[in-house]
Protein chains: 2
Amino acid sequence: MSRRAVSANGRSGHGSQGIPEATIARLPVYLRVLYAFAEQDIPTVSSEELAAAAGVNSAKLRKDLSHLGSYGTRGVGYDVEYLVYQVSRELGLTQDWPVVIVGAGNLGRALANYGGFASRGFRIAAVLDSDPEVVGTQIAGHGVLDVEQMEQVVARHRVSIGVIATPAGTAQAVCDRLVATGVTSILNFAPVVLNVPSGVDVRKVDLSIELQILAFHAQRRSVVRVPQDAQAVGR
Amino acid sequence: MSRRAVSANGRSGHGSQGIPEATIARLPVYLRVLYAFAEQDIPTVSSEELAAAAGVNSAKLRKDLSHLGSYGTRGVGYDVEYLVYQVSRELGLTQDWPVVIVGAGNLGRALANYGGFASRGFRIAAVLDSDPEVVGTQIAGHGVLDVEQMEQVVARHRVSIGVIATPAGTAQAVCDRLVATGVTSILNFAPVVLNVPSGVDVRKVDLSIELQILAFHAQRRSVVRVPQDAQAVGR
DNA sequence: ACGCTCTTGTGAACGTTTGCACAAAGTCGG
DNA sequence: CCGACTTTGTGCAAACGTTCACAAGAGCGT
Ligand SMILES: NC(=O)c1ccc[n+]([C@@H]2O[C@H](COP(=O)([O-])OP(=O)(O)OC[C@H]3O[C@@H](n4cnc5c(N)ncnc54)[C@H](O)[C@@H]3O)[C@@H](O)[C@H]2O)c1
Ligand SMILES: NC(=O)c1ccc[n+]([C@@H]2O[C@H](COP(=O)([O-])OP(=O)(O)OC[C@H]3O[C@@H](n4cnc5c(N)ncnc54)[C@H](O)[C@@H]3O)[C@@H](O)[C@H]2O)c1
C-alpha cells in the first residue's frame, strides 16, 4: 500500500488511510483485552500491561496505537475507556453491521448461535439456506430463509457483510450472487479460493489449513529431535 | 498470525530447514488446488496455472515451491502427483495426526462433523466435554468422553494436536491441562489469548476478529467513496 | 544438432513489519 | 518549582516478505 504521501495532514489527524494491515489485524485483539480491563474497572493501562495481555511486544503495541493518534499519557499509560472508544471507532464498530449467513448446516448453525457475534456491532440480518428441509427451521431466534430471498434481505437490511458456510462446491456461486447483490465484504468458511472482482474484500477461515500448519511444526519438532529442552528460543 | 514458539532459526545442517512461515501458510492452499487438478486427471501444471488457482502471484508460488526443492521441469511445469506428494511430505501429512477436540458445544459438534477433517491425515481421537449432560452423547460416530479422561486419551492415542472449543473462560485451564499431558500443538477457537510455555505452538481461529477486519475495510471504503456526505474523518 | 518456445528457479530491488533504544513529555512528592 | 521517575511515541536498522525480470534448462519440430 502506498503511504508516504505528503503528510499535509491538518495536524494530528492520522487519517484511517495509512494504517498497516498488520496493525489492523491486531486491533481487535487489543480491543478484546481492553474490554477485559474495563470489566475489572481498571482505569488506565500501560503499554507493557496491555501488550502482555495481548501477547505482543510492547513497542509493537505502542507503534500500532500511535497510528490511530496520540491517545496515551506519558508516565501514566492509556485510559482504558477512551482507548476502547478510539479503537472501536477506527475499526468501524461504532456503527451496526448487518451480516447475512448463507448455509445453515453444522457450521452455519454454530455461527448463528455464537454469542460473541452480536456483541460487537455485528447483527445477523438473516440466515439463508437452499435446502427445503432446512428453510423455515428456527436457529438462534432466526427463521432460516430461502436463499432465493437473498436479494431482498440484503437490500432491506443494507447488508454489506456476507458469511459463506455452504459446501465448497457451491461457495463460488453463492459468492458471485452475494457480490451481485451488493455485498462487498465476505467471510468464507468453505475450503475454496474465491474469485471476486476488485473492490470486494474476502477473508477466509480454514480449519484444515490451520491444522496443516500445526502439523508442519509438530513434525519439524519431532524430526529435529530436541534432546533436552535446550533451544529456548521462545518469542 | 499467531505465535510460532518454535525455532526462530532452526537451520543447523538439516537440508530442508528454514522454510519461511509465510510459505508454510500457503502450502496447504497449493495442496488443495493440486488435489483438484489431480481429480481432473491433469498430469502437469505450470506455475502460472497453479498460482491462478491458488490466488497468488506466480513468482511467489515458484519461490515457495523452490524451498522444498527443485521439483519442476523447465518448459513443462510441475508433475501434479509428484508435487502433491512432496508438499504433503513437507507438511507432515504422510503420517497420521490424532486430534483431540475439547468442548462439544455448537462449535465442537460442527468441527467433529466436518468431513474435511479426517480427509487429510487428521483423525479425531476423542471429543471431550465436562458437562455430564453432554458426556456420553454421540457425535459424528464418537461418544463424547469426560474431560477427566484427557490424560488417558492423549497417552493412548499419542495425541499431539488439541483443539479448544470451550467457552473463553475455561480455555486457558483446558490449554494448561492439554500442555501438561504432552500436547504441543493447539488450535484455539475461544476468543482469548492463550499463554503457553515455549515449545508449544498455538494457532487461533477467531471469527470475531475476521469480521472486525472486514468492518474496518468496509468502513474505509464507504468513507472514501462518499464525497458529498459528511467528511467527518479528519477531526 | 539447432534454434525456437516455454517455463522454472533465483538474484536483486523494493516494500512491510518488527524490535531496540532513547528523547520527549508527562506525573508526583516534597 | 524542581528533580526523580515513569511511560509514551518514534527514528532507525535489521528481518522478513513480495515482485520483477531474466538466465538457464528442458522439450520439440525440423
Ligand atoms: N463444520 C466445520 O467445522 C467446518 C470447518 C471448516 C470448514 N467448514 C466448511 O464450511 C462449510 C459448511 O460446513 P457444514 O459442516 O456446515 O456443512 P453442512 O453440509 O452441514 O451445511 C451446508 C449447508 O449449506 C446449505 N447449502 C448448500 N448449497 C447452498 C446454496 N447454494 N445456498 C444456500 N445454502 C446452501 C445446505 O443445505 C446445508 O444446510 C463447508 O464448506 C465446510 O467445508 C466446516
Ligand atoms: N460457535 C461459533 O461459531 C463460534 C465462533 C467463534 C468462536 N467460538 C468460540 O468457541 C467456543 C465454543 O463455542 P460454542 O458455541 O461451541 O459454545 P458452547 O457453549 O455451545 O459449547 C461449549 C462446550 O464446552 C464445554 N465445556 C465447558 N468447560 C469445559 C471444560 N473445562 N472442559 C471441557 N469442556 C468444557 C461445555 O460443556 C459446552 O459443551 C467459545 O469460546 C466461543 O466463543 C464459537
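OP1 or OP2 of C:dG9 sits under 4.0 Å from a side-chain N or O of B:Tyr78. Using a 4.0 Å cut-off, some side-chain N or O of B:Lys60 falls inside it from OP1 or OP2 of D:dT18. For C:dT7, the OP1/OP2 oxygens have no side-chain nitrogen or oxygen of B:Ser47 closer than 4.0 Å. The shortest distance between the side-chain N/O atoms of B:Asn57 and the OP1/OP2 oxygens of D:dG17 is not below 4.0 Å. Taking side-chain N and O atoms only, B:Thr73 has no distance below 4.0 Å to OP1 or OP2 of C:dT8. Residue A:Arg62 places no side-chain N or O under 4.0 Å from the OP1 or OP2 atom of C:dC20.
To the nearest angstrom, C1' of D:dT10 lies 14 Å from CG of A:Leu61. Taking atom CG of residue B:Leu68 and atom P of nucleotide C:dG9, one finds them 10 Å apart after rounding to whole Å. Atom CD of A:Gln86 is separated from atom P of D:dT8 by 16 Å (rounded to the nearest Å). A straight line from CD of B:Glu21 to P of D:dC16 spans 11 Å, rounded to a whole angstrom. Residue B:Leu65 contributes atom CG, which lies 9 Å from atom P of C:dT8 at whole-angstrom precision. Between the CD atom of B:Glu48 and the C1' atom of D:dA21 there is a distance of 13 Å, given to the nearest Å. As rounded to whole Å, 13 Å separates atom C1' of C:dT10 from atom CG of B:Asp64. Separating the CG atom of B:Asp79 from the P atom of D:dG27 is a distance of 13 Å, rounded to the nearest angstrom.
Heavy atoms of B:Ser70 sit under 4.0 angstrom from primed sugar atoms or phosphate atoms, though from no base atom. Backbone-only engagement by B:Ala22 is indicated by non-hydrogen atom pairs under 4.0 Å involving sugar-phosphate atoms exclusively.
Looking only at side-chain heavy atoms (C-beta outward), B:Ile161 and B:Leu187 stay at 4.5 Å or farther from each other.
Of the possible polar contacts, one joining the A:Gln219 side chain to the B:Glu90 backbone as a donor-acceptor pair under 3.5 Å is found. At distances below 3.5 Å, not a single donor-acceptor pair connects side-chain atoms of B:Arg26 with backbone N or O atoms of B:Val56. Of the possible polar contacts, none joining the B:Glu210 side chain to the B:Leu207 backbone as a donor-acceptor pair under 3.5 Å is found.
No donor-acceptor contact under 3.5 Å links the side chain of A:Lys63 to the base of D:dG9. Counting atom types as modelled, A:Arg74 pairs no side-chain N or O with a base atom of D:dT7 as donor and acceptor under 3.5 Å.
Between B:Tyr71 and the options B:Tyr82, B:Tyr85, B:Tyr78, B:Tyr30, a ring pair (Phe, Tyr, Trp, His ring centres under 6.0 Å) holds for only B:Tyr82.
Of the candidate nucleotides C:dT18, C:dG9, C:dT17, C:dG9 has the atom lying nearest to any side-chain atom of B:Ser66.
Each of A:Val76 and B:Gly77 was matched to the nucleotide of DNA chain C holding its nearest heavy atom; the match closer to the 5' end belongs to B:Gly77.
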